[in-house]
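Below is one structure, written out as structure tokens, with a few remarks after it.
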Amino acid sequence: MTTSTSGELAKNYDPTTIEGPWYDRWYDNGYFTAKVEPGQKPFVVIMPPPNVTGELHMGHALFVAVEDILARWHRMHGTPTLWLPGADHAGIAGQWVVERELAKKGLTRQELGREAFLDNVWEWMDRYRKRILSQLRTLGASSDWSRFHFTMDPGPSRAVRTAFKRLYDKGLIYRGERLINWCPRCMTALSDLEVDHEEVVGSIWTLRYPITGSDEYIEVATTRPETMLGDSAVAVHPDDERYRHLVGRFATLPILGRQLPIVADDAVDPTFGTGAVKVTPAHDPNDFDIGQRHNLAAINVMNLDGTMNDAAGPFAGQTTQDARTNVVARLGEEGFLVEVKEHTHAVGRCQRCGTIVEPMISKQWFIEMQPLAEPAIEVAKDGTVRFVPERFKGTYLHWMENIHDWCISRQLWWGHRIPVWYCDCGEVVVTDEEKLERCPHCGGSNLTQDPDVLDTWFSSGLWTFSTLGWPDDTEDLHYFYPGSVMETGYDILFFWVARMIFFGIEFMGEAPFHTVYLHGTVRDELGQRMSKTKGNVIDPTVITQEFGSDALRFTLITAGAPGADMKLSEQRVESNRNFGTKIWNATRFVLRALDSGSIAQAEDGTPVAPDADAMTLSDLWILSKLERLTSDIEELFANYQLGEAGRRIYEFLWSEYCDWYIESTKVVLNGDDEAAKATTRQTLAYVLERSLRLLHPFMPFLTEELWQHMPHAGESIMIADWPVPDESRIDERAVAEYEFMIEAVRAVRNARAESGVEAGAWISAMVYPGSHAETFASLEPVFSFLARVGKGRFEYREAQLEAPQAVVTLVIDDAIIYLPLAGMVDIDAERERLTKEIEQVEEEIARTGQLLSNENFTNRAPADVVNRQRERLSSAQERLALLQARLGELGA
RNA sequence: GGGCGAUUAGCUCAGUUGGUUAGAGCGCCACGUUGACAUCGUGGAGGUCACUAGUUCGAGUCUAGUAUCGCCCACCA
């Protein structure tokens with residue numbers, strides 16, 4: 001029997017004073033560290049590793065809230081729980097922020113050189129990594145810091161090399177000259193996903209190319225005239241009668257005079273434009289394919305920095321923009337320009353820096369996706385991997401089914417170096433070693449490593465097992481793979497989630513998790529994406545300092561539904577802080593009650609529910625509500641309905657426990673029935689202690705602080721048992737009767753307010769209890785207290801009063817409450833009120849009556865639904881009679 | 001060009017197997033310092049659940065279409 005309280009509970013709830021200390025104590029006690037417990041299936045969440053490129057933002061706060069709730073919930077169930085944190089080097093994004101910093105000092109990475117630049121990046125990363133990790137802690141993240149990994153650490157780096165080598169050996173990684181997306185600013189290739197498309201209103205130019213050896217022309221259209229310098233053919237559809245005679249002949253490219261074969265290709269849509277297409281294999285993905293089929297030259301006319309190269313002839317050295325203007329002008333002068341029209345089309349921009357991306361031919365490393373995608377499609381289809389919300393399954397499948405090969409090489413310095421070495425002897429060696437000393441072919445040591453690095457998402461894709469020790473067969477890997485839930489933003493479904501799935505299957509033989517939970521984007525009050533440039537960022541740490549991270553977490557969780565974007569407002573966080581205050585004060589009330597007498601505790605110290613025999617209707621009601629809540633929460637959690645679960649607890653604690661139960665105990669606690677007091681104390685403590693445990697995953701700090709002051713079991717609520725629902729304890733009759741009383745109290749309060757009764761004043765009442773005599777008998781003190789009636793004449797009658805002195809008559813179900821408010825309300829007003837109420841009851845009777853006379857309804861609807869209507873009808877009829885009688889008594 | 005989502009009170013949003021009186025927070029109005037709580041309490045006002053048609057005994061919830069807004073995907077020059 002232990003009742004441990006750590007000093008007096010402070011009068012006011014101040015999140016800032018309790019949150020930090022509790023986090024430290026949890027950490028020091030090792031609660032976050034996952035233990036391998038053979039035989040027990042663990043719950044595993046791998047945290048989306050934040051980019052160490054800046055500050056913590058609301059997106060981080062949101063995932064911490066969701067994942068921490070899941071982790072704490074499972075931990076309290078006694079499940080070995082691993083929530084593995086990490087940080088990401090953020091490849092191109094990481095390099096970009098550091099380059100931007102350097103630019104402020106007038107430096108470029110080229111000036112610094114690769115090594116010095118990387119030193120700079122590491123410095124930056126170390127600084128921000130510390131910062132962002134401490135920010136995660138302030139949010140209460142119960143993640144296992146002992147297993148923290150950074151993508152660039154030796155372990156994950158070796159995993160990257162190993163994965164690369166295995167895919168290469170299997171023939172799934174290849175190097176080739178392909179058309180890729182090139183960012184002239186970042187000077188690197190990008191994957192399709194890293195290009196954002198933006199609709200712009202531009203122009204479409206129709207050009208005409210002379211047919212060689214005739215005076216005919218063929219008209220072609222383009223949205224990028226400067227690329228005509230790289231044309232190597234003109235294509236038409238094979239069945240197009242208009243051009244059939246030209247196939248096999250040549251056109252002359254204006255300005256440059258190059259001879260362009262006219263080829264027939266199915267890819268050409270004869271109904272679009274002129275039905276003839278200029279083919280520029282080096283600068284258009286579609287044309288690249290045509291070029292492949294017809295063996296056309298791919299003439300690259302651009303330099304890597306986006307200017308025109310020597311192949312552009314007279315335009316060499318100009319920017320693409322200038323070249324465009326000049327080419328069009330020249331074509332016009334020479335009579336090759338037919339027309340210019342307005343045209344909307346999509347331009348690709350570098351996701352990172354916004355520069356317009358140029359499609360270019362380049363030698364890059366690729367992963368062949370088809371073989372990897374197939375099993376990844378399968379696991380989604382057969383339900384091995386489940387999506388929450390489900391609609392994202394379709395999005396995922398669509399992408400996976402239309403996947404293109406993945407360009408994984410980047411011409412950057414910051415990232416995992418491609419583990420490929422070139423020997424002077426011509427040998428190309430792929431290795432999982434960090435450094436290759438000797439060429440396995442010639443034994444020579446004149447080796448050069450490929451200068452490129454890998455797409456940052458390559459290492460991210462391995463994250464679910466590289467963090468557990470792979471490629472080594474470690475205990476962690478064995479025990480914690482596959483994980484359970486992948487929780488992240490829907491915006492990186494393809495970037496990350498999809499890649500984890502196919503890499504997981506490829507390297508580990510099974511999908512890395514069974515559930516993908518996707519959250520939405522946190523937006524500002526106007527619904528805009530938060531961004532530094534817009535200046536509308538709500539900083540989580542600022543909010544936390546003002547209202548506490550419990551309030552912020554609770555807000556983020558309850559503000560919306562899974563997968564939906566949400567608008568965050570500070571006001572809402574404030575309201576939830578007030579919820580914290582409410583519980584704080586409720587606990588103070590309970591603790592004071594407990595001061596006046598001991599309560600029964602289980603052997604471990606947990607408060608137990610009072611004996612059923614001793615319970616009043618109030619006790620039975622709140623206990624029933626608690627059981628209902630506990631069981632509902634269980635189901636909501638199982639379906640990842642965390643927001644709804646949070647809202648339910650909120651409502652229970654505030655609207656039921658505080659507003660009604662606690663209020664109703666005051667009359668008992670102020671009385672002199674010691675036995676009743678003891679039962680009340682018992683219920684107060686039992687319900688609060690259990691509720692705190694239910695609330696703990698949502699508001700970990702507040703609940704810990706309060707729980708410590710309550711009679712409890714164990715050293716922390718974090719490792720306390722999760723309440724087990726027991727629906728057999730729900731007493732439906734007690735619930736119905738107590739709620740009848742609530743309705744009665746509300747009716748009286750309403751009447752008092754409308755009659756202008758002074759707030760504190762007690763008024764007389766006479767009650768005809770109808771079928772609720774028992775309820776009135778047992779709840780009379782509570783009823784009187786809450787409604788402030790009964791001081792005068794609170795009496796029971798066998799029947800309705802015949803000549804009531806009352807002015808106001810309240811009919812609740814078949815009970816009547818007479819309030820002799822003579823002098824406070826006039827007869828006319830009362831008559832009007834009654835008439836209005838009668839109308840409402842009549843409507844109800846009409847509605848239910850009609851429903852019940854419908855045989856289709858009575859035959860087909862479930863019995864309980866029909867019964868409910870019957871009861872409703874008969875009670876409405878009784879009420880109608882009572883109301884009419886009363887109206888009659890008032891006279892005309 | 002495809003696909004998806006949203007549309008519920010003045011504002012921000014809940015409402016997962018269709019059940020007949022649609023909820024919360026904030027805001028608004030009135031009253032209130034009763035020993036947990038003014039970061040609060042009590043009472044109240046406020047909604048044809050975007051629109052149309054349909055399925056059904058019954059639709060905020062299911063189906064089809066329309067409108068507005070938003071997002072994702074896409075090699076029509």
Side-chain angles (χ1 to χ4, degrees), chain A residues 11-13 179 192 197 204 220-224 235 267-269 271-280 284-290 343 345-346 359 389-392 394-395 398-399 402 404 490-491 493-494 520-521 525 527 547 555 558-561 563-569 571-572 574-593 636 639 641 643-644 647 650-651 655 658-659 662-663 666 670 746 749-754 756-760 785 788 840 843-844 847-848 851 854-862 864-866 868-869 872:
Chain A
K11 183 159 191 311
N12 292 313
Y13 169 47
L179 198 85
D192 295 343
H197 294 276
I204 185 164
V220 295
T222 181
T223 53
R224 295 187 301 152
V268 180
D269 176 0
T271 64
F272 184 86
T274 62
V277 182
K278 63 189 266 306
V279 183
T280 322
D284 183 282
N286 204 20
D287 294 4
F288 180 81
D289 293 341
I290 297 178
H343 183 72
H345 60 252
E390 222 175 276
R391 69 186 132 92
F392 287 109
T395 313
H398 181 260
W399 185 77
N402 297 286
H404 290 52
Y490 66 73
D491 52 331
L493 176 60
F494 306 141
T521 310
E525 281 157 282
F547 302 112
T555 304
T558 56
D565 292 353
M566 71 181 81
K567 293 179 201 150
L568 183 71
S569 76
Q571 250 186 0
R572 199 153 177 152
E574 189 181 352
S575 302
N576 286 321
R577 190 275 320 269
N578 294 350
F579 173 52
T581 306
K582 186 73 183 177
I583 304 164
W584 185 276
N585 285 314
T587 304
R588 287 178 58 223
F589 175 86
V590 173
L591 290 175
R592 184 177 301 185
L636 289 166
N639 291 314
Q641 300 282 110
E644 190 61 16
R647 276 176 237 121
Y650 179 101
E651 202 194 318
S655 309
C658 289
D659 286 353
I662 284 189
E663 289 306 316
K666 289 179 179 172
N670 290 334
R746 286 211 166 113
R749 284 173 174 173
N750 180 314
R752 291 174 54 113
E754 288 193 351
V757 177
E758 210 177 307
F785 177 75
R788 307 221 128 227
Q840 281 170 359
E843 270 173 43
E844 192 176 334
R847 236 188 349 259
T848 48
L851 205 51
N854 183 339
E855 279 184 27
N856 275 322
F857 173 72
T858 49
N859 291 340
R860 297 192 202 189
D864 60 313
V865 175
V866 177
R868 209 177 311 148
Q869 290 308 315
R872 214 168 125 187

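Numbers restart at 1 for each chain; the letters A, B, ... are given by sequence-line order, proteins then strands. Below, all heavy atoms of this structure are taken into account, side chains as well, without hydrogens, waters or symmetry copies.
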How would RNA chain B look in dot-bracket form, 5' to 3', counting Watson-Crick and G-U wobble pairs with both distances under 3.5 Å and writing | for bases paired to another strand?
-> (((((((..((((.....[...)))).(((((.......))))).....(((((..]....))))))))))))....
Anything under 3.5 Å between a protein N or O and an N or O of nucleotides 45-48 of chain B, put it in a table, one pair a line.
none

Tabulate protein N/O versus nucleotide N/O from nucleotides 75-77 of chain B, keeping only pairs under 3.5 Å, one per line.
residue, atom, partner, partner atom, Å
rC75(B), O2, N286(A), OD1, 2.7
rC76(B), O2, D269(A), OD2, 3.2
rA77(B), O2', A221(A), O, 2.2
rA77(B), N6, D269(A), O, 2.5
rA77(B), N6, F272(A), O, 2.9
rA77(B), N1, D269(A), N, 3.3

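Computed from coordinates, the M566(A) CE to rC26(B) P distance equals 19 Å when rounded to whole Å. In this structure, the CH2 atom of W584(A) is 16 Å from the P atom of rU39(B), given to the nearest Å. Note: CG (N856(A)) to C1' (rG58(B)) measures 10 Å, nearest angstrom. Rounding to whole angstrom units, CG of residue D659(A) and P of rU34(B) are separated by 17 Å. Rounded to whole Å, the distance from CG on N578(A) to P on rU39(B) is 8 Å. When the P atom of rC4(B) is taken as reference, atom CG of L493(A) falls 15 Å away, rounded to whole Å. Atoms CD (E644(A)) and C1' (rG15(B)) sit 7 Å apart, rounded to a whole Å. The distance from atom CZ of F589(A) to atom P of rC40(B) is 18 Å, rounded to the nearest whole Å.
Here the separation of rG15(B) from rA53(B), taken at their P atoms, is 28 Å to the nearest Å. Of the P atoms belonging to rG60(B) and rG54(B), the separation is 16 Å, rounded to the nearest Å. Spacing between rU56(B) and rC11(B) at atom P, rounded to whole Å, works out to 37 Å. Comparing rA22(B) with rG58(B), their C1' atoms sit 16 Å apart, to the nearest whole Å. Nucleotides rC40(B) and rG35(B), compared at atom C1', are 14 Å apart to the nearest Å. For the C1' atoms, the distance linking rU8(B) with rG25(B) amounts to 15 Å, nearest Å. Rounded to the nearest Å, the gap between the C1' atom of rG3(B) and that of rA45(B) is 43 Å. Using atom P as the reference point in both rU61(B) and rG2(B), the two lie 27 Å apart (nearest Å).
If you check every strand for non-hydrogen atoms under 4.0 Å, E663(A) touches a base. Residue contacts shown for K582(A) include a base, since a base heavy atom lies under 4.0 Å away. Contact annotation for I662(A): base contact, defined as any heavy-atom pair under 4.0 Å involving a base atom. Backbone-only contact: F494(A) has heavy atoms under 4.0 Å from sugar-phosphate atoms and none from a base. In this structure, R752(A) reaches neither bases nor backbone, as no heavy-atom distance under 4.0 Å exists between it and the strands shown. If you check every strand for non-hydrogen atoms under 4.0 Å, G760(A) touches nothing. Within 4.0 Å of D864(A), counting heavy atoms only, lies no atom of the nucleic acid at all.
Applying the ring-ring contact (aromatic ring centres under 6.0 Å, His included) criterion to F547(A), with sequence neighbours excluded, gives no partner residue. For T555(A), the side chain to side chain contact (heavy atoms under 4.5 Å, CB included) partners at least two apart in sequence or on another chain are L568(A), R572(A), V573(A), N576(A). H197(A) pairs by the ring-ring contact (aromatic ring centres under 6.0 Å, His included) definition with nothing, not counting sequence neighbours. For the side chain to side chain contact (heavy atoms under 4.5 Å, CB included) test, residues two or more places apart in sequence or in another chain that qualify with N750(A) are E754(A). Residues meeting the side chain to side chain contact (heavy atoms under 4.5 Å, CB included) test with F785(A), sequence neighbours left out: K666(A), V667(A). With sequence neighbours left out, the side-chain hydrogen bond (donor to acceptor under 3.5 Å, both in side chains) criterion links N639(A) to no other residue. Y490(A) pairs by the ring-ring contact (aromatic ring centres under 6.0 Å, His included) definition with F392(A), not counting sequence neighbours. For the side chain to side chain contact (heavy atoms under 4.5 Å, CB included) test, residues two or more places apart in sequence or in another chain that qualify with D289(A) are R293(A).
Annotation: side chain of P285(A) is in contact with side chain of L179(A) (closest heavy-atom distance under 4.5 Å). Looking at heavy atoms from C-beta onward, R588(A) lies in side-chain contact with K11(A) at the 4.5 angstrom threshold. The closest side-chain heavy-atom distance from T395(A) to L493(A) is below 4.5 Å.
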Treat primed atoms plus P, OP1 and OP2 as sugar-phosphate and everything else as base, then score nucleotides 18-25 of chain B 5' to 3': B for base contact with protein heavy atoms under 4.0 Å, S for sugar-phosphate contact only, - for none.
-> -BBB---S
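Taking 4.0 angstrom as the limit, R588(A) places none of its side-chain polar atoms (N or O) nearer than this to OP1 or OP2 of rC37(B). Look at N750(A) and you'll find a side-chain N or O under 4.0 angstrom from OP1 or OP2 of rG44(B). Look at K666(A) and you'll find a side-chain N or O under 4.0 angstrom from OP1 or OP2 of rA36(B).
Nearest nucleotide to the K567(A) side chain, out of rU12(B), rU39(B), rC4(B): rU12(B). Comparing rA36(B), rU42(B), rC37(B) against the side chain of R749(A) picks out rU42(B) as the nearest.
Taken from CG in N578(A) to CH2 in W584(A), the straight-line distance is 14.5 Å, to the nearest 0.5 Å. Between the OG1 atom in T581(A) and the CZ atom in F579(A) there is a gap of 10.5 Å [rounded to 0.5 Å].
Across all their heavy atoms, D192(A) and H404(A) have their closest contact at OD2-CB, 4.0 Å.
A donor atom on one side chain and an acceptor atom on the other are not found under 3.5 Å apart for S569(A) and K567(A).
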Is there a salt bridge (Lys or Arg N to Asp or Glu O under 4.0 Å) between R847(A) and E844(A) once you walk through the steps?
-> CA-CA 5 Å; R847(A) 236 188 349 259; E844(A) 192 176 334; 5.0 Å; no
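Between the base of rA36(B) and the side chain of K11(A) there is no donor-acceptor pair shorter than 3.5 Å.
Dense packing is recorded around NE2 of H343(A), with more than 12 heavy atoms of other residues, nucleotides or ligands lying under 6.0 Å away.
Nearest-nucleotide positions on RNA chain B for A753(A) and L568(A) put L568(A) closer to the 5' end. In this structure, A561(A) and A586(A) both approach RNA chain B, and ranking their closest nucleotides by distance from the 5' end singles out A561(A).
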